S.K.: 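Can you keep this structure in mind? I'll have questions shortly.
As the structure is a prediction and not an experimental result, all values here were calculated from the model. Below, all heavy atoms of this structure are taken into account, side chains as well, without hydrogens, waters or symmetry copies. Both ligands and their constituent atoms are indexed starting at 1 by order of listing.
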Amino acid sequence: MALFELVSSESGRRTYDVKSPVTLESIGQFDAASTAEVREAVDRARKAQREWATKSFAERAEVLWRWVDVIVERQDDIVDLVIKETGKARFEAIAMEVMAPCMQISHYAKRAAGYLRTRKRRPTGVMRFSKKLTLLYQPLGVVGLITPWNGPIALATNPLAQALMAGNAVVHKPSEVTPFSAVLLKELTVAAGFPEDLYQVVQGDGETGAALVDAGVDKISFTGSVATGRKVGEACGRNLIPVTLELGGKDAMIVCEDADLDRAADGALRGSFFNTGHYCCGTERVYVPESIYQPFVEKVVAQARKLKQTEACDGDVGAVFWDKQMDIIEAHMADAKKKGATVLLGGERNRALSGYFFPPTVVVDVNGEMDLMRKETFGPIVAIQKVRDEEEALALANDSDYGLSGNIWTTDLVKGEALAARVTTGSVCVNDISVTYGIPEAPFGGVKSSGVGQVNGEVGIRAYCHLHPIIIDTGKKARGGYPYTPEGAAGLQKLIKTVFGNRFLRRLFV
Ligand code: NAD
């Protein structure tokens with residue numbers, strides 16, 4: 001049974017039905033917006049943006065603070081809907097889809113004014129005597145936001161809070177797998193007092209997403225798979241608009257020989273099982289030196305056995321959000337078993353429950369020949385590979401097309417930090433699972449195939465702006481004008497020789 005299905009395409013309008021992965025019952029249907037409707041939404045957003053851009057940071061922040069109030073008041077509605085739509089564990093729905101948005105929105109409501117304040121500078125070099133420089137962070141205009149299904153609220157509120165605080169309007173194409181969370185999100189923004197057309201949702205599939213990229217927006221903020229990210233990046237290149245691509249990962253966990261093994265085992269479970277493993281910076285590969293391999297594996301299995309999976313989603317590990325992801329998880333498991341992997345726990349779909357559930361799984365005897373250790377699995381699986389030592393673990397961690405995040409476990413924090421600097425990835429956490437996305441001050445973004453650009457904090461919000469320099473000549477009369485004369489040229493050469501021909505002066509000058 002498909003959880004997301006085209007049920008009609010009469011007169012060119014695509015209508016989809018969405019089922020809950022928990023009950024397998026229909027949650028509702030939606031129509032994909034046409035190309036013309038997407039363009040109309042962008043036009044309306046552009047009008048709303050002009051007015052919004054005139055508001056001060058304090059005025060914008062006031063609406064964001066009200067948005068937080070509304071989220072807190074309506075948190076049960078958010079949690080219930082997200083569970084219905086995704087089947088994620090209740091605790092995770094609260095932590096990821098309520099707590100994280102409150103933190104993100106509050107952060108930008110409070111700090112955007114500082115991050116984007118106008119800066120006055122004195123230019124360096126010869127210009128310092130005659131010019132003043134003002135740097136203005138101007139909004140880009142209308143931002144097209146395209147999001148995936150694994151964090152239907154949080155992965156929208158983070159870019160949304162930044163884009164709006166920076167003075168932009170946003171047209172959002174949510175995942176077709178979780179359209180109703182976006183309907184609720186829109187409702188919450190209206191209740192908070194955002195102008196009606198400032199944030200709009202256009203429902204639809206990949207075709208609608210592609211239409212948004214081509215609809216005349218001023219930037220695309222995309223979160224999703226590497227394959228789609230490439231297409232979106234190409235289209236943005238063609239349209240000459242900036243793009244941030246937050247893509248998939250295959251994060252490695254390195255357990256050092258001196259690690260606290262109980263803590264590391266717990267970290268392996270949280271890193272691999274959080275959000276049913278549908279976590280872009282979830283732990284997908286665990287490398288453990290042979291000297292600690294056996295006790296580590298025993299602790300992981302013992303702790304994993306205690307975890308609960310329930311149809312009410314009130315346990316530790318929720319449902320698989322989408323049938324297509326179940327197919328990928330099962331295919332990677334089958335490939336691993338065929339190539340010699342040993343399953344110590346779980347390993348097959350949980351048929352005791354009627355929805356789409358894959359149990360907490362622990363697999364060993366894995367290697368880099370297996371899809372489970374090379375491609376993004378996005379499932380609740382701890383895959384542990386025995387290695388000779390930490391250096392081999394590091395080499396294997398870096399041997400990946402992906403580079404989103406990663407984690408290192410050691411009691412020697414100096415060593416941990418040094419090792420972290422040698423992992424070729426977007427960010428690294430020591431003695432914790434990857435929490436980078438949840439720390440707004442930490443720029444988050446992938447290297448290699450995991451993305452382009454960084455979101456969060458100062459770097460993130462500034463990427464929703466054009467940094468506009470204004471240069472003012474402070475002199476009373478024009479300098480350096482026509483006509484050019486031989487004396488003028490000789491004078492310029494003399495100046496170059498005097499200043500840049502002298503090592504001391506050239507440093508003083510710039
Ligand atoms: P996906 O790429 O299939 O879809 C993402 C979004 O893109 C959806 O809204 C989809 O409708 C839209 N889309 C599809 N084709 C398009 C096109 N041609 N043009 C424009 N839009 C198009 O990804 P998914 O399956 O929804 O999400 C899972 C992926 O997202 C995983 O790879 C995961 O790692 C990644 N992800 C990354 C981050 C991050 O911050 N790096 C966060 C969450 C998820």
Side-chain angles (χ1 to χ4, degrees), residues 3-4 14 16 18 30 32-33 35 38 85-86 96-97 100 104 144-156 158-159 171-179 181-182 201-215 217 220-236 238-239 243-251 274-284 320-329 375-379 401-405 425-427 434 436-438 442-456 460:
L3 294 179
F4 156 72
R14 303 184 301 287
Y16 289 99
V18 180
F30 70 88
T35 301
V38 172
E85 221 171 29
T86 66
M96 188 169 170
E97 312 289 359
Q104 296 156 348
L145 172 65
I146 302 175
T147 53
W149 45 261
N150 61 322
I153 300 285
L155 295 174
N158 195 29
V171 177
H172 177 198
K173 208 301 283 173
S175 169
E176 54 271 52
V177 184
T178 52
S181 293
V201 175
V202 288
Q203 297 286 2
D205 46 22
E207 216 176 302
T208 320
L212 178 58
V213 178
D214 285 336
V217 292
I220 287 289
S221 167
F222 175 85
T223 307
S225 65
V226 174
T228 311
R230 277 189 210 285
K231 290 188 207 165
V232 170
E234 280 169 17
C236 289
R238 212 170 42 240
N239 293 332
V243 61
T244 347
L245 300 171
E246 290 297 319
L247 309 179
K250 189 77 194 166
D251 284 2
F274 180 74
N275 215 36
T276 322
H278 308 325
Y279 183 40
C280 53
C281 37
T283 297
E284 298 231 344
V320 168
F321 300 3
W322 190 19
D323 50 320
K324 247 175 109 175
Q325 202 60 47
M326 180 67 95
D327 296 344
I328 294 169
I329 295 167
K375 299 181 179 170
E376 189 182 48
T377 306
F378 230 44
D401 293 338
Y402 294 95
L404 190 56
S405 195
T425 189
S427 65
S434 183
T436 321
Y437 195 82
F444 178 84
V447 299
K448 299 193 266 186
S449 295
S450 288
V452 175
Q454 290 179 308
V455 297
N456 283 2

S.K.: Using 30° and 60° as the class limits, which term best fits the ring planes of Phe378 and His278: parallel, tilted or perpendicular?
M.R.: tilted
S.K.: Mind checking side-chain contact (heavy atoms from CB on, under 4.5 Å) for Lys448 and listing every partner two or more places apart, or none if nothing turns up?
M.R.: Thr424
S.K.: If we ignore hydrogens and angles and just use 3.5 Å, is the side chain of Thr377 paired with the main-chain N or O of Gly379 as donor and acceptor?
M.R.: no
S.K.: Using a 3.5 Å cut-off and no angle test, enumerate the donor-acceptor pairs between side-chain atoms of residues 201-208 and protein atoms at least two apart in sequence or in another chain.
M.R.:
unit_1, atom_1, unit_2, atom_2, d
Gln203, NE2, Pro179, O, 3.0
Asp205, OD1, Arg14, NH2, 2.8
Asp205, OD1, Glu207, N, 3.2
Asp205, OD1, Thr208, N, 3.2
Asp205, OD1, Thr208, OG1, 3.1
Asp205, OD2, Arg14, NE, 2.8
Asp205, OD2, Arg14, NH2, 3.4
Asp205, OD2, Tyr16, OH, 2.4
Glu207, OE2, Arg14, NH1, 3.3
Thr208, OG1, Arg14, NH2, 3.4
Thr208, OG1, Asp205, N, 3.1

S.K.: Check whether any side-chain N or O of Asn239 sits under 3.5 Å from a backbone N or O of Val213 as a donor-acceptor pair, and report yes or no.
M.R.: yes
S.K.: Could you list, one pair per line, each nitrogen or oxygen of ligand 1 together with any protein nitrogen or oxygen closer than 3.5 Å, giving atom names and the distance rounded to 0.1 Å?
M.R.:
unit_1, atom_1, unit_2, atom_2, d
ligand 1, 2 (O), Ser225, N, 2.9
ligand 1, 2 (O), Ser225, OG, 2.6
ligand 1, 2 (O), Thr228, OG1, 2.7
ligand 1, 9 (O), Thr147, O, 2.8
ligand 1, 9 (O), Lys173, NZ, 3.0
ligand 1, 11 (O), Lys173, NZ, 2.6
ligand 1, 11 (O), Glu176, OE1, 2.6
ligand 1, 11 (O), Glu176, OE2, 3.4
ligand 1, 19 (N), Ala210, N, 3.4
ligand 1, 23 (O), Ser225, N, 3.3
ligand 1, 25 (O), Trp149, NE1, 2.9
ligand 1, 26 (O), Trp149, NE1, 3.3
ligand 1, 30 (O), Gly224, O, 3.3
ligand 1, 32 (O), Glu376, OE1, 2.6
ligand 1, 34 (O), Glu376, OE2, 2.6
ligand 1, 41 (N), Leu247, N, 3.3
ligand 1, 41 (N), Leu247, O, 2.8

S.K.: By side chain to side chain donor-acceptor pair (under 3.5 Å), which residues pair with Ser405, not counting sequence neighbours?
M.R.: Ser427, Ser434
